[in-house]
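This report concerns only the one structure given below.
Values below: all heavy atoms of this structure, side chains included; hydrogens, waters and symmetry mates excluded. Chain identifiers are assigned alphabetically (A, B, ...) following the order of the sequence lines, protein sequences preceding nucleic acid strands; residue numbering begins at 1 within each chain.
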Number of protein chains: 2
Amino acid sequence: MNGESERLELKADVAEELRNRGLRVTPQRALILGLIRSASGHITADDIYREVNRLLPFTDISTVYRTLDLLEAHGLVRRLVTGQGQTQYEWADQPHFHLICTACGRVNNFTDEGLTAIIGQVAAEHGYRPTEFNVNVFGLCSECQQEAEDAHS
Amino acid sequence: MNGESERLELKADVAEELRNRGLRVTPQRALILGLIRSASGHITADDIYREVNRLLPFTDISTVYRTLDLLEAHGLVRRLVTGQGQTQYEWADQPHFHLICTACGRVNNFTDEGLTAIIGQVAAEHGYRPTEFNVNVFGLCSECQQEAEDAHS
DNA sequence: GTGATTGCAAAAGGTTTGCAGGGAC
DNA sequence: GTCCCTGCAAACCTTTTGCAATCAC
């Protein structure tokens, strides 16, 4: 494994992704898209802002937001409004569901064939032709349940 | 049908709902809860603010937010984060899902036992204790599908 | 009477916008 | 060279908070 060549590959990849959509390639855009793509889960605008600034100082938060809007509009990135403070962003690979912890704000992705099937079926029953759906489940993750219990004992 | 007696009934009803939960009954609370309850669909804090002020002038927006938080904490009201500007609130009768038509914008509520069960099950598998979930399915409603077909013929 | 609730004013926090200079094509 | 993109600063908008006066119980 060579970290640097991986990074270069990713950079080229990401630049191509932008060009394919007729977008100009700027260091900021490539970096932001790369960050989201290599982030394992979800990432906030502020996370991105801080990380980008380590590599590209003087990048402004407004650039981050503008870029995120752009990437979302072009279907490269998905926006996830959790209601726990900031909006989260994720790489738009395949549809999935979200488990959102209302205590720590952590978001877990999951997929479930049965769930997908039922949603399609129910939509059809109501005469809908579904194009897209999102499922957000709010609750306490196992860590926060544990903490809550510990606090009470 | 007598509009006024209906309103009085609702008001008494709503006051009881508050009392049952050990909450003090104030005109603001009763009014806000009544508004949400009689709103057919979803309503924003600002909608509520404006409507409350027509009937109870000088009510502050902060009171609206504080009341909404309170009502949500006591399970009387559900918060719906749409990502389109403001948060929406709805009367917490029974859990349901949203079918949202991307053409006409109409939102249909539906319920489905199977879907509810699967969501609970999947959450449990991931160690979550779910408190709330929202399922939004985007697509074309039957009317808009029809229109689209008609337009093409 | 007592503690909870309200209105007011101000702040917080995330996100957006106008503008002039600089960069991608 | 042209138009788009960026950094900067300021504004925006929804939501939250501190405080003193008022109200429900």
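Phosphate proximity of dT6(C) to Thr26(B): present, with a side-chain N or O under 4.0 Å from OP1 or OP2. Contact check, Gln28(A) against dG23(C): no side-chain N or O comes under 4.0 Å of OP1 or OP2. For Thr63(A) and dG7(D), the shortest distance from a side-chain N or O to OP1 or OP2 is below 4.0 Å. Residue Thr87(A) places at least one side-chain N or O under 4.0 Å from the OP1 or OP2 atom of dT15(C).
Between the CG atom of Leu31(A) and the P atom of dA24(C) there is a distance of 14 Å, given to the nearest Å. Residue Ile43(B) contributes atom CD1, which lies 15 Å from atom P of dT14(D) at whole-angstrom precision. The distance from atom CZ of Arg19(B) to atom P of dC25(D) is 6 Å, rounded to the nearest whole Å. Protein atom NE2 of His74(B) is 14 Å distant from nucleotide atom C1' of dT5(C), rounded to whole Å. Atom P of nucleotide dC8(C) and atom OH of Tyr49(B) are separated by 8 Å, given to the nearest angstrom. We find that CG of Asn53(A) is positioned 13 Å from C1' of dT6(D), with the value rounded to whole Å. Nucleotide dA11(D) holds its P atom 19 Å from the OH atom of Tyr65(A), rounded to whole Å. Taking atom CG of residue Leu23(A) and atom P of nucleotide dC5(D), one finds them 8 Å apart after rounding to whole Å.
For Arg79(B) and Asp69(B), the salt-bridge test passes: some basic side-chain N is under 4.0 Å from an acidic carboxylate O. Salt-bridge check for Glu16(A) with Arg19(A): failed, with every basic side-chain N at 4.0 Å or more from each acidic carboxylate O.
Across all strands, Arg66(A) comes closer than 4.0 Å to base atoms (heavy-atom distances).
Among the nucleotides dC25(D), dT15(C), dG7(C), the one closest to the side chain of Gln86(A) is dT15(C). Listed nucleotides: dT6(D), dT6(C), dA24(C). Nearest to the side chain of Arg24(A): dA24(C). Residue Thr59(A) has its side chain nearest to dG7(D) when only dT15(C), dA9(C), dG7(D) are considered. Looking at the side chain of Thr67(A), the nearest of the listed nucleotides dT16(C), dT5(C), dT6(D) is dT6(D). Set against dT5(C), dC8(D), dA24(D), the side chain of Pro27(B) has dA24(D) as its closest nucleotide. With distances taken from any side-chain atom of Phe58(B) to the nucleotides dC8(C), dG7(D), dT6(D), the minimum falls on dC8(C).
In terms of modelled atom types and a separation under 3.5 Å, the side chain of Asn53(A) and the main chain of Phe58(A) share a donor-acceptor contact. Counting only distance, with no hydrogens or angles, the side chain of Gln28(A) and the backbone of Leu56(A) share no donor-acceptor pair below 3.5 Å.
Remark: the Glu90(A) side chain and the His98(A) side chain contain an N/O donor-acceptor pair separated by less than 3.5 Å.
A pairwise comparison of heavy atoms in Arg78(B) and Trp91(B) identifies NH2-O, 4.1 Å as the closest pair. For Tyr49(A) against Thr59(A), the heavy-atom pair with the smallest separation is CE1-O, 3.2 Å. What you find for Leu18(A) and Ala30(A) is that their closest heavy atoms are CD1-N, 4.0 Å.
Nearest-nucleotide mapping onto DNA chain C: of Pro57(B) and Asp60(A), the residue sitting toward the 5' end is Pro57(B).
Within the helix from dG1(C)-dC25(D) to dC25(C)-dG1(D), the inter-axis angle between the opening and closing five-pair segments is 40°, rounded to 10°.
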